[in-house]
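Right, one structure below, let's go through it.
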Amino acid sequence: QVELVESGGDLVQPGGSLTLSCLLSGDDFGSYAMGWFRQAPGKPREFVAGFSWHGFITYYLESVNNRFTISRDNAKNTTFLQMNDLESEDTAVYYCAGKGGHALYINGAIMDYWGKGTLVTVSS
């Protein structure tokens with residue numbers, strides 16, 4: 001059984017930084033395209049960042065480009081989201097999701113597995 005577990009959510013001041021982690025267990029992490037999504041209160045879930053199964057293709061929501069960086073460590077079955085220069089608009093529950101089968105591109109409608117989320121609050 002595949003499971004995704006996020007960690008790292010916290011309360012941070014505007015302009016601060018935070019790193020989220022997502023551990024995948026139960027399958028070959030190296031064959032998964034991974035992504036981060038978020039859902040703010042009263043808003044629909046949106047895509048934030050993702051990469052292909054081999055990690056050579058990365059893509060970001062325009063509003064987080066140059067502030068957020070997605071990465072993966074296959075040896076640790078973990079994907080990370082480094083978030084810098086955080087803004088109040090980044091406040092949301094952040095979800096990790098995985099798509100198996102050596103996918104190149106992902107979106108919220110095709111993911112195979114989802115984590116339960118971790119809360120990021122940006123506030124002074």
message: Tell me if a side-chain donor or acceptor on T78 pairs with a main-chain N or O of K76 at a distance below 3.5 Å.
response: yes
query: So, T121 side chain and L11 main chain: donor-acceptor pair closer than 3.5 Å or not?
result: no
- prompt: Got a sec, which pairs hit salt bridge (Lys or Arg N to Asp or Glu O under 4.0 Å) with one end in residues 12-26, sequence neighbours left out?
  reply: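 Listed by first then second residue: nothing to list.
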task: Sort and list the pairs that fulfil salt bridge (Lys or Arg N to Asp or Glu O under 4.0 Å) and have at least one residue in residues 111-122, not counting sequence neighbours.
output: K99-D112
statement: Note: P14 and S124 closest approach over all heavy atoms is CD-N, 3.7 Å
query: So which heavy atom on N107 is nearest to which on A109, and how close?
result: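 Reported closest heavy-atom pair: OD1-N, 2.8 Å.
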- request: Using salt bridge (Lys or Arg N to Asp or Glu O under 4.0 Å) as the criterion, list what pairs up with E3, not counting sequence neighbours.
  value: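 In terms of salt bridge (Lys or Arg N to Asp or Glu O under 4.0 Å), with neighbours along the sequence ignored, E3 is linked to no residue.
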I need the [X] [atom1] to [Y] [atom2] distance, nearest 0.5 Å.
{"X": "I106", "Y": "M111", "atom1": "CD1", "atom2": "CE", "value": "4.0 Å"}
{"X": "S25", "Y": "N77", "atom1": "OG", "atom2": "CG", "value": "8.0 Å"}
{"X": "L119", "Y": "T91", "atom1": "CG", "atom2": "OG1", "value": "8.0 Å"}

From CA spacing to verdict: side-chain contact (heavy atoms from CB on, under 4.5 Å), L86, F68: CA-CA 9 Å; L86 283 160; F68 290 10; 3.9 Å; yes
For [X], check side-chain contact (heavy atoms from CB on, under 4.5 Å) against everything at least two apart and list the hits.
{"X": "S71", "value": "F80"}
{"X": "D10", "value": "L18"}
{"X": "S17", "value": "Q82, N84"}
{"X": "S88", "value": "none"}

field: side-chain contact (heavy atoms from CB on, under 4.5 Å) assessment of M83 paired with V120
entry: CA-CA 10 Å; M83 305 185 292; V120 174; 3.9 Å; yes
Are [X] and [Y] connected, step by step, through hydrophobic side chains (Ile, Leu, Val, Met, Phe, Trp, Tyr) whose heavy atoms are closer than 4.5 Å?
{"X": "I70", "Y": "L4", "answer": "yes"}
{"X": "L61", "Y": "V93", "answer": "no"}
{"X": "L81", "Y": "V122", "answer": "yes"}
{"X": "F51", "Y": "V2", "answer": "yes"}
{"X": "Y95", "Y": "V64", "answer": "no"}

message: Tell me which pairs pass disulfide (SG to SG under 2.5 Å) where either residue lies in residues 23-66, with sequence neighbours left out.
response: none
- prompt: Tell me the disulfide (SG to SG under 2.5 Å) pairs involving residues 13-114, sequence neighbours left out?
  reply: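 Checked against disulfide (SG to SG under 2.5 Å) - neighbours excluded - the pairs reaching residues 13-114 are C22-C96.
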Considering only distance and modelled atom types, tabulate donor-acceptor pairs under 3.5 Å from the side chains of residues 32-43, sequence neighbours left out.
from	atom 1	to	atom 2	distance (Å)
Y32	OH	D27	OD2	2.7
R38	NE	E46	OE2	2.7
R38	NH1	D90	OD1	3.0
R38	NH1	Y94	OH	2.9
R38	NH2	E46	OE2	3.1
Q39	NE2	K43	O	3.1

field: Within 45° cone and under 6.0 Å: R45 NZ/CZ vs W114 ring
entry: yes
- prompt: Just by distance, with hydrogens left out, do N65 and R67 show a side-chain donor and acceptor under 3.5 Å apart?
  reply: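 No pair is found: no donor N or O on one side chain lies under 3.5 Å from an acceptor on the other.
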- prompt: Does L23 sit in a hydrophobic cluster with other residues, and if so which ones, taking ILVMFWY side chains as linked at heavy-atom separations under 4.5 Å, directly or through other members?
  reply: none
field: Sequence neighbours excluded, every pair satisfying side chain to side chain donor-acceptor pair (under 3.5 Å) that has a member inside residues 54-63
entry: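 Of all non-adjacent pairs touching residues 54-63, those that pass side chain to side chain donor-acceptor pair (under 3.5 Å) are S52-H54.
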